[in-house]
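Beneath this line is the structure, given in structure tokens, with notes to follow.
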Amino acid sequence: MLEVNNIRKNKDIAVAGLQKRGIVNAEEILDEIIRLDDERKNTQTQSDKILNELKTASKEIGDLYKSGKAAEANAKKAMVGDLKQESTVLEDKLKSVVIQLEEKLLEVPNVPNEIVPAGKTEDDNIIEQDWTSELPHLPESALPHWDILTKYDIVDFDLGVKIAGSGFPLYKGKGAKLQRALIQFFLDEAIAAGCLEILPPHLVNEDTARGTGQLPDKEGQMYHVTKDNLYLIPTAEVPVTNIFRNEILQEDALPYKLTAYTPCFRREAGSYGSDVKGLNRVHQFDKVEMVVVSKPENSYEILDEMVDHVKQLLEKLNLPYRILRLCAGDLGFTSAITYDFEVYSAAQKKWLEVSSVSNFETFQSNRMKIRYKNTDGKSELVHTLNGSVLALARIFAAILENNQTENSVEIPEILKPYTGFERIN
RNA sequence: GGAGAGUUGGCCGAGUGGUCGAAGGCGCACGCCUGGAAAGUGUGUAUACUCCAAAAGGGUAUCGAGGGUUCGAAUCCCUCACUCUCCGCCA
């Protein structure tokens, strides 16, 4: 959620940024927001004034009763009736204006950072860092990962279907162990980079889902446990960022760097075809996430660190990757800037998105009221960032495809201490 | 799932209809005292919105959340959430 005061102060920047996202009438929308906010202030001032009169009158009535002037008190009571009516009208108006303002604000996405390229679709994304070495060439007989899974019997989709439904893979034997090894490896690396590990609840309540913006608009993307009104998390970002909801943090405690492994549940059915085949897109997958809460002036430095962290992971895993700087049109609603990481899956001959690192600036913290006290003793909104490090299912797929030989899959060197075996065969 | 007891400021804790944003204590900050420290002592110590060009200074709201009664609610009534104790079930 954008800050109204910021919109007032930097309207030109906001208009230009939103137009970059393709919102042609950005200025109109922002003007409407400012108008509603003016109305809100106005109404509140009026309402406060009436309330003050009411309060004063009530005190006087109390005093009159005490001094035994019941008749005067009763007369005053009658007069207060009008004030009350007036106050009710104003309060209703205030409520409705606040709701309208909030609704408008919720419709407006974050203002992209100035280095975010203009553009409408993924074709306009900038390749920030390309893979400069040669891409791996596999023999004609090379298999896509969904065939490798079957060949070595390490992931069983049919059993997943039997137990849950389509899109719920069941990992077996060395498959399960490789998955667990990756999780462990990613967590260890994140902890070594200074993160505090969190193991959060995998179901969250409504307030939490609202905090990170899954509700109200993306309701359909989450599994909803209606009986208890809880939602299965679509990413660890949801429970972990909400740790800080409505908190005022100490400046010297910042930045908070957290990491968490969780399964992620996504309802979105998606289309059928090779894009969603195998592990490319599933309803449940594992992911290690990093969440950072920082002072505004440090957030871009931290963003770079996070990008660097993911880069190093991919290099350690020996996977060909590239980094995209998303264009304004492809940017997530809440993000000011996002870098996507894609890994080359050699048998599918396709780049797969495995990580997305974003700075939300104050967009999330404004909605969640995450603040810190600065040295002047004033509260300010923090910046929030997050990134996947990494999304497991696709990394798993890429490892299988890129490291396959005639009759095995070789485990990347760095993972061997974690798996305890050197190849899948 | 059944029965009962709770939820007050950073923390502890008082407060059963008015003068209560809230006693008292602890903690914290600053000052005095001291050679320095402790003790002692004094002052201050929430958040949001808002009025004012700004500062100073006002106003409004907030005692788990939401609604209600009343001229007036931390205090009375209703609904919900959470915590604790006992019983049941259970990894």
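Predicted model, so just to flag it, every value in this text is computed and none were measured. Chain identifiers are assigned alphabetically (A, B, ...) following the order of the sequence lines, protein sequences preceding nucleic acid strands; residue numbering begins at 1 within each chain. Values below: all heavy atoms of this structure, side chains included; hydrogens, waters and symmetry mates excluded.
The distance from atom CG of A:L94 to atom P of B:A48 is 18 Å, rounded to the nearest whole Å. At whole-Å resolution of the value, CG in A:L54 and P in B:U70 are 14 Å apart. B:C71 atom P lies 13 Å from atom CG of A:D82, rounded to whole Å. In this structure, the CG atom of A:N229 is 15 Å from the P atom of B:C80, given to the nearest Å. Remark: P of B:G72 and CD1 of A:I50 are 14 Å apart, rounded to the nearest angstrom. One atom, CG of A:L83, and another, P of B:U70, lie 17 Å apart when rounded to the nearest Å. Whole-Å rounding puts the A:Q85 CD to B:C71 C1' distance at 14 Å. Between A:K77 atom NZ and B:U69 atom C1' there is a gap of 13 Å when expressed in whole angstrom units.
Residue pairs meeting the salt bridge (charged side-chain N to carboxylate O under 4.0 Å, His left out) criterion with at least one partner in residues 179-190 of chain A, sequence neighbours excluded, are A:E189-A:K316. Within the structure, salt bridge (charged side-chain N to carboxylate O under 4.0 Å, His left out) contacts touching residues 164-173 of chain A (residues at least two apart or in different chains) are A:D153-A:K172, A:D156-A:K172. The list of side-chain hydrogen bond (donor to acceptor under 3.5 Å, both in side chains) pairs with a residue in residues 78-90 of chain A, not counting sequence neighbours, is empty. Residue pairs meeting the salt bridge (charged side-chain N to carboxylate O under 4.0 Å, His left out) criterion with at least one member in residues 69-79 of chain A, sequence neighbours excluded, are A:E60-A:K76. Residue pairs meeting the ring pair (Phe, Tyr, Trp, His ring centres under 6.0 Å) criterion with at least one partner in residues 225-258 of chain A, sequence neighbours excluded, are A:H224-A:Y231, A:F244-A:Y256. The stretch residues 17-37 of chain A participates, sequence neighbours left out, in these side-chain hydrogen bond (donor to acceptor under 3.5 Å, both in side chains) pairs: A:R8-A:D37, A:K11-A:E27, A:K11-A:D31, A:E32-A:R35, A:R35-A:E39, A:D37-A:R40.
Across the C1' atoms, B:G13 and B:A74 are found 14 Å apart, a figure rounded to whole Å. Between the C1' atoms of B:A54 and B:C12, the separation comes to 41 Å (whole Å). Rounded to a whole angstrom, the distance from the P atom of B:G2 to that of B:G72 is 38 Å. Distance check on atom P: B:A38 versus B:U83 gives 41 Å, rounded to whole Å. Comparing the same atom, C1', in B:G18 and in B:A29 gives a spacing of 35 Å after rounding to whole Å. Spacing of C1' atoms, B:A73 relative to B:C78, comes out at 15 Å, to the nearest Å. To the nearest whole angstrom, the two C1' atoms, one in B:G10 and one in B:A3, are 35 Å apart. Straight-line distance between the P atoms of B:G25 and B:U7: roughly 22 Å, to the nearest whole Å.
Remark on RNA chain B: of its neighbouring residues A:K84 and A:N42, the 5'-side contact belongs to A:N42, judged by nearest-heavy-atom nucleotide. With RNA chain B read from its 5' end, the first of the two nearest nucleotides for A:G81 and A:K41 is the one closest to A:K41.
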Extract from the structure each pairing of a protein N or O with an N or O of nucleotides 43-47 of chain B at less than 3.5 Å, listing the distance.
from: B:U47; atom 1: OP1; to: A:K373; atom 2: NZ; distance (Å): 2.2

Grab the N/O contacts between the protein and nucleotides 15-18 of chain B below 3.5 Å, and write none if there aren't any.
from: B:G18; atom 1: N2; to: A:S58; atom 2: O; distance (Å): 2.8

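Base pairing of B:C28 is made with B:G44, judged by Watson-Crick or G-U wobble geometry with both donor-acceptor distances under 3.5 Å. Across every strand in view, B:C63 sits unpaired, with no contact that passes the Watson-Crick or G-U test at under 3.5 angstrom. The pairing partner recorded for B:C89 is none, the criterion being a Watson-Crick or G-U wobble arrangement whose two distances lie under 3.5 angstrom. Under the Watson-Crick or G-U wobble criterion, with both distances below 3.5 Å, B:U75 has no partner in any strand shown. Partner assigned to B:A53 is none, using Watson-Crick or G-U wobble distances below 3.5 angstrom. Nucleotide B:U69 is matched to nothing when pairs are restricted to Watson-Crick or G-U wobble geometry with both distances under 3.5 angstrom. Remark: B:A5 base-pairs with B:U83. Criterion, Watson-Crick or G-U wobble with two distances under 3.5 Å. The nucleotide B:G35 finds no pairing partner, because no Watson-Crick or G-U wobble arrangement with both distances shorter than 3.5 Å includes it.
The two residues A:L279 and A:H145 have their closest heavy-atom pair at N-NE2, 2.8 Å.
Distance check: A:D308 CG to A:E315 CD gives 8.5 Å after rounding to the nearest 0.5 Å. A:E297 contributes atom CD, which lies 8.5 Å from atom OG of A:S299 (distance to the nearest 0.5 angstrom).
Partners of A:E3 under the salt bridge (Lys or Arg N to Asp or Glu O under 4.0 Å) rule, at least two apart in sequence or in another chain, do not exist in this structure. A:K257 meets the salt bridge (Lys or Arg N to Asp or Glu O under 4.0 Å) test with A:E305; sequence neighbours excluded.
Residues A:T262 and A:P200 meet the side-chain proximity criterion, which asks for heavy atoms closer than 4.5 Å.
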List the atom pairs, with distances to 0.1 Å, where a side-chain N or O of residues 103-111 of chain A and a protein N or O form a donor-acceptor pair under 3.5 Å, not counting sequence neighbours.
from: A:N110; atom 1: ND2; to: A:T334; atom 2: O; distance (Å): 2.9
from: A:N110; atom 1: ND2; to: A:F360; atom 2: O; distance (Å): 3.1

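Within a 6.0 Å radius of NZ in A:K369, other residues, nucleotides and ligands contribute more than 12 heavy atoms.
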query: Using a cut-off of 4.0 Å between protein heavy atoms and nucleotide atoms, how would you tag nucleotides 55-68 of chain B 5' to 3' with B, S and -?
result: ----BSS-----S-
